[in-house]
Amino acid sequence: NLTNKLDSIFKKLRSKGVLTEDNINESLREVRLALLEADVNFKVVKEFIEKVKVRAVGQEVLKSLTPGQQVIKVVHEELIELLSGGTHAPAPLNPKKDKLNIWMMAGLQGSGKTTAAAKLANLMKKQGYRPMLAAGDIYRPAAIQQLEVLGQKIDVPVFSLGDKVSPVEICKKAKEAAEAKDCNLLILDTAGRLHIDEELMKELQDIREAVSPSETFLVCDAMIGQDAVNVAKQFHESIGTTGLILSKLDGDARGGAILSIRSVTGQPIRFASVGEKIEDLELFLPERMASRILG
Amino acid sequence: LFFGGGKLDEEMLEKLEEILITSDIGVSTSLKLVDHLRQLLKKGSINTPEQLQEALKTELLDILSQVAKPMSVGDHQGLGTIMLVGVNGTGKTTATGKIAKLFHQDGKKVILAAADTFRAAAIDQLEVWAYRAECPLIKHAHGADPAAVVFDAITASKARQADILLIDTAGRLHTKINLMEELKKIGRVLDREIPEAPRETLLVLDATTGQNAIQQAKLFSESVPLSGIILTKLDGTAKGGIIITLADEMKLPVKLIGVGEGIDDLREFNPDYFVTALFE
Ligand SMILES: Nc1nc2c(ncn2[C@@H]2O[C@H](COP(=O)(O)OP(=O)(O)OP(=O)(O)O)[C@@H](O)[C@H]2O)c(=O)[nH]1
Ligand SMILES: Nc1nc2c(ncn2[C@@H]2O[C@H](COP(=O)(O)OP(=O)(O)OP(=O)(O)O)[C@@H](O)[C@H]2O)c(=O)[nH]1
Ligand SMILES: [Mg+2]
Ligand SMILES: [Mg+2]
């Protein structure tokens, strides 16, 4: 793993005398490889290493008795900074209970949106909210049934108008229904779509325009690779994502794509989905993610 | 495209390395490929940027062609089985529908088995695809034993003299030991009941997947011998380069690719198109 690799590099360098900036470069090459193997985007790695280098050639590393560990420490801290937003960390999600809050799910096919929608409804219900789910995917076979089965499991109403009505219309009517039922949280499940599908991206824009969600979550699979940066950028520019949900973190994907997504959207990573059961949703923890990415 | 005029040097090799890595080909495979090009440059057997790119394309095609294999099920006498496996959300159920239609319109008698008895509305979803492909579906109640569904489907396939039994399984992470055991159990049913039937066990892989694909292939193949890959969602912008490493290190051929959400959006894998697309 990375710690062992850096330790052996510095052992070899130490035996040659005082550490220099060039020596540090060799260790940074190893860090770069580790991040690429963790699926961090090529360009994001470049920018990140530049940032790390500024600190890595400073006294804290060159004068240290354990320079390998110091480099890891710097990398770790910079990762956490990037993931959490550092001093600009966002305010926690705390929607008012006395009005209707609308949250919209968005993302590629199969990323985990429908499951996450139900999980969010479940989580917020436990925190005293009165949630409603809206079945906005009219394309995928049995998508509406899937959301209805999940809604029944957690005793949360699922609003549906079947698959012959436009998703924009469904979301509008869902909002009216949620208000009539005195719900204070409406979660819109939407169909998976490609970021390059203009028609379907427009559909999300239309939904947004029609019901003004206060949160738009990009749901991303933890195992996504280099393409994450293109997907996230396009979704963010088209519909303005306000937060990220990373799914399937119960697997062993290193999840480096989250760095890429965070750096191109600038939006906070809100939740981690860690399993197929409805209670498998947690608040995102930057420290844990940083260790996982470094491997 | 930066070829055609650039100086032939380390900068060019670095650019190629970037193309490979950003295609999800993976660091070690990319470095290995670029290193080989570096050797060719030293030998003097490459003299222009065009030749360099061609040399790389040739290397990639070599890796893919060495493992290329057509579907072994479909043009033989008697029953053959195709089982689709893979992690959650990669496109198994959709691919099952597409493959059913493909063989059905070719005059084959196809039977579908709904072996995902776990996920919400999974059986309903496959039912729609079976209807669209005009093929019968064998299913049990939600929560039933998947191995029992498969056993039932085998009985039906033999009785109705089907040509192909198509098995859709539940998405499962390769790290979940109990779920991988469940998959082994399904494999044993096939071994026991129809050992003579030609079998395809295809790992359904999402083209957007990064390096985790390698772990997926390794662990799935420990539970059921994999005969190939279906690479889905190639209609997106992801290049699917992980299949290069899977071909190189695990000798796994890609047999089919998914290029959309419709029932006809399935193609045979074409290594030339694939490698050309890497450089676009
Ligand atoms: N192991 C695991 N599986 C998950 C997780 N989140 C979702 N899944 C599974 O991933 C698969 C896809 O989930 P869906 O909720 O249907 O994904 P989706 O984004 O709504 O899919 P589309 O609507 O087709 O775009 C299902 O099998 C889910 O059970 C997770 O955190 N861990
Ligand atoms: N764009 C595109 N979408 C696809 C393709 N194949 C499948 N999908 C979509 O991906 C999503 C997931 O497909 P499923 O067939 O449900 O995937 P699965 O592997 O069976 O999922 P689980 O059973 O939950 O593990 C659906 O929205 C499909 O329409 C493809 O080739 N291209
Ligand atoms: Mg869905
Ligand atoms: Mg399925």
Side-chain angles (χ1 to χ4, degrees), chain A residues 32-43 45-46 108-115 118 139-153 191-197 220-231 234 247-248 250-257 275-276, chain B residues 17-28 30-31 87-94 97 118-129 131-132 142 170-176 179 206-213 215-216 219 232-233 235-242 258 260-261:
Chain A
R32 175 174 174 266
L33 291 184
L35 292 176
L36 287 174
E37 282 168 357
D39 290 324
V40 183
N41 178 268
F42 193 91
K43 292 208 167 61
V45 171
K46 234 184 190 165
L108 293 176
Q109 291 89 347
S111 58
K113 298 173 294 298
T114 304
T115 313
Y139 311 105
R140 168 173 155 156
I144 298 174
Q145 278 107 304
Q146 184 186 7
L147 194 64
E148 286 175 335
V149 168
L150 294 173
Q152 269 183 14
K153 248 195 199 149
R193 68 204 63 213
L194 293 178
H195 50 301
I196 50 172
D197 186 327
C220 224
D221 195 323
M223 64 189 191
I224 191 171
Q226 295 285 313
D227 203 40
V229 75
N230 302 325
V231 175
Q234 196 57 52
S247 70
K248 306 176 204 171
D250 44 321
D252 59 359
R254 300 260 291 273
E276 287 191 81
Chain B
E17 190 182 297
E18 180 170 352
I19 289 182
L20 295 175
I21 291 178
T22 54
S23 307
D24 286 316
I25 283 179
V27 176
S28 55
S30 301
L31 293 181
V87 302
N88 309 71
T90 56
K92 297 175 293 298
T93 304
T94 308
F118 168 73
R119 206 207 67 210
I123 299 173
D124 300 88
Q125 184 186 6
L126 189 60
E127 209 147 19
V128 174
W129 285 110
Y131 172 79
R132 289 176 179 177
H142 184 261
R172 68 201 70 221
L173 291 183
H174 48 290
T175 47
K176 309 256 160 112
L179 296 182
D206 188 324
T208 63
T209 310
Q211 298 312 299
N212 194 244
Q215 273 309 99
Q216 293 176 24
L219 291 184
T232 62
K233 308 179 199 173
D235 45 320
T237 52
K239 301 285 183 169
I242 32 145
E261 301 187 71

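As the structure is a computational prediction, the values presented were derived from the model and not from experiment. Convention: sequence-line order gives letters A, B, ...; per-chain numbering from 1.
Shown here for L173(B) and K248(A), the closest heavy-atom pair between the two residues is CD1-O, 4.5 Å. Q211(B) and D39(A) get closest at one heavy-atom pair: N-OD1, 2.9 Å.
Without hydrogens or angle criteria, D252(A) side chain to N212(B) main chain gives no donor-acceptor distance under 3.5 Å.
Looking at E18(B), both its backbone and its side chain come within 4.5 Å of chain A, counting heavy atoms on both sides. At a 4.5 Å heavy-atom cutoff, the contact between L33(A) and chain B is made by backbone and side-chain atoms alike. The contact between D250(A) and chain B is made by backbone and side chain atoms together, counting heavy-atom distances below 4.5 Å. For a residue to count as touching a neighbouring chain, one of its non-hydrogen atoms must lie under 4.5 Å from one of that chain's; by this rule T93(B) does not touch chain A. Looking at K43(A), the atoms closer than 4.5 Å to chain B (heavy atoms on both sides) all sit in the side chain, from C-beta outward. With a threshold of 4.5 angstrom between heavy atoms, L31(B) approaches chain A through side-chain atoms but not through N, CA, C or O. Looking at L108(A), only its side chain comes within 4.5 Å of chain B, counting heavy atoms on both sides. With a threshold of 4.5 angstrom between heavy atoms, E127(B) does not approach chain A through any atom at all. With a threshold of 4.5 angstrom between heavy atoms, K176(B) approaches chain A through side-chain atoms but not through N, CA, C or O.
For the salt bridge (Lys or Arg N to Asp or Glu O under 4.0 Å) test, residues two or more places apart in sequence or in another chain that qualify with E17(B) are R32(A). Remark: D206(B) engages T208(B), K233(B) in a side chain to side chain donor-acceptor pair (under 3.5 Å) (not counting sequence neighbours).
In terms of non-hydrogen atom pairs under 4.5 Å with chain A, the most contact-rich of T175(B), I123(B), I21(B) is I21(B). Between chain B and the options D221(A), L36(A), V149(A), heavy-atom pairs under 4.5 Å are most frequent for L36(A). Comparing P141(A), G110(A), A142(A) by how many heavy-atom pairs each has under 4.5 Å with chain B, the most go to P141(A).
In this structure, D124(B) CG and E148(A) CD are separated by 10.0 Å, a value rounded to the nearest 0.5 Å. For the atom pair Q226(A) CD and I25(B) CD1, the distance stands at 11.0 Å (nearest 0.5 Å).
Counting heavy atoms from C-beta outward, E261(B) and R140(A) have side chains that stay 4.5 Å or more apart. A heavy-atom distance below 4.5 Å is found between the side chains of M223(A) and V87(B). The closest side-chain heavy-atom distance from Q125(B) to Q145(A) is not below 4.5 Å.
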